[in-house]
Amino acid sequence: MMAAGLLIIRLIVGLLFVGHGAQKLFGWFGGYGPKGTGGFFESLGMKPGVAMAVLAGLGELAGGLLFALGLWTPVAGALIALTMLVAIVKVHGKNGLWSTAGGYEYNLVLLAIAVGVALIGAGDWSLDAIL
């Protein structure tokens, strides 16, 4: 049962991060692509914005894909955790904890999931287990 539970967590969280990365990198799924996301990042003081958007998108896309596959899970968890930590510090932290006020509650949950799975491992139904 633990392998199935970890697989569900990894697939849902990982594939959603792949989608977020695709929003930043390609403008898919209603995203703004590197230029639009870069403009937002610049408004937060993250410069150069386009380069930061590409780095964030690559971190989310690669981290999410690795997380979903259960491949190099500690690296995947670190990539996801890093993007959530930046989101907390640069975007949501000033709004407090609760997401109803634009806070970092959701980002903290995702960060905890990424770190937790990275620490316990991806489970028996993962590429890490096969390799």
Side-chain angles (χ1 to χ4, degrees):
M1 296 301 279
M2 187 169 77
L6 284 167
L7 178 64
I8 291 167
I9 291 167
R10 287 191 353 260
L11 285 176
I12 298 299
V13 172
L15 292 176
L16 287 173
F17 270 95
V18 168
H20 274 277
Q23 287 177 321
K24 289 174 180 67
L25 293 172
F26 313 118
W28 296 353
F29 312 116
Y32 298 104
K35 188 172 180 180
T37 305
F40 173 66
F41 281 9
E42 292 247 351
S43 76
L44 299 172
M46 297 170 60
K47 297 179 182 180
V50 171
M52 292 291 131
V54 169
L55 286 174
L58 288 172
E60 289 176 343
L61 187 86
L65 185 61
L66 292 171
F67 201 77
L69 295 171
L71 177 64
W72 301 340
T73 305
V75 172
L79 288 170
I80 291 170
L82 179 62
T83 60
M84 290 300 92
L85 187 59
V86 171
I88 290 168
V89 170
K90 296 302 274 183
V91 182
H92 301 285
K94 65 183 177 288
N95 300 322
L97 175 64
W98 303 112
S99 60
T100 52
Y104 61 92
E105 170 189 9
Y106 181 64
N107 305 98
L108 185 60
V109 169
L110 292 171
L111 190 150
I113 291 168
V115 171
V117 172
L119 290 173
I120 65 171
D124 292 339
W125 297 350
S126 69
L127 290 180
D128 281 346
I130 292 169
L131 299 173

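All values below were derived from every heavy atom in this structure, side-chain atoms included, with hydrogens, water molecules and symmetry-related copies excluded. One-based numbering along the sequence shown.
For W98, the ring pair (Phe, Tyr, Trp, His ring centres under 6.0 Å) test picks out no residue, with sequence neighbours left out.
For the salt bridge (charged side-chain N to carboxylate O under 4.0 Å, His left out) condition, the pairs that include at least one residue of residues 15-38, sequence neighbours left out, are K24-E60. Residue pairs that meet the salt bridge (charged side-chain N to carboxylate O under 4.0 Å, His left out) test with at least one member in residues 65-77, sequence neighbours left out, do not exist here.
Residues L66 and A76 share a closest heavy-atom pair of CB-CB, 3.6 Å. Shortest non-hydrogen contact noted between F29 and A22 is CE1-CB, 3.9 Å.
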If you look only at distance, which donor and acceptor atoms sit under 3.5 Å apart when one is on a side chain in residues 40-59 and the other is two or more places apart or in another chain?
residue, atom, partner, partner atom, Å
E42, OE2, G49, N, 2.7
S43, OG, F40, O, 2.6

Side-chain atoms of residues 116-130: list all donor-acceptor pairs with protein atoms under 3.5 Å, sequence neighbours left out, distances to 0.1 Å.
residue, atom, partner, partner atom, Å
S126, OG, G123, O, 2.7
S126, OG, A129, N, 3.1
D128, OD1, W72, N, 2.7
D128, OD2, T73, N, 3.1
D128, OD2, T73, OG1, 2.5

Review item, side-chain donor-acceptor pairs of residues 101-114, under 3.5 Å, at least two apart:
residue, atom, partner, partner atom, Å
E105, OE1, S99, N, 2.9
E105, OE1, S99, OG, 3.0

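L65 and L131 fall within the same hydrophobic cluster, defined by Ile, Leu, Val, Met, Phe, Trp and Tyr side-chain heavy atoms under 4.5 Å apart, directly or through other members. Transitive grouping of hydrophobic side chains (ILVMFWY, heavy atoms separated by less than 4.5 Å) brings V75 and L69 into a common cluster. Cluster annotation: V89 is not connected to V91 through the hydrophobic network of ILVMFWY side chains, with a link wherever side-chain heavy atoms come within less than 4.5 Å. Criterion: ILVMFWY side-chain heavy atoms under 4.5 Å apart, direct or through other members. Under it, I9 and L16 are not part of a common hydrophobic cluster. In terms of hydrophobic clustering, with Ile, Leu, Val, Met, Phe, Trp and Tyr side chains grouped at heavy-atom distances under 4.5 Å, I88 and L97 are assigned to a common cluster.
Distance CZ/R10 to CD1/I12: 11.5 Å, rounded to 0.5 Å.
L79 is not listed as a side-chain neighbour of F17, based on a closest heavy-atom distance of 4.5 Å or more.
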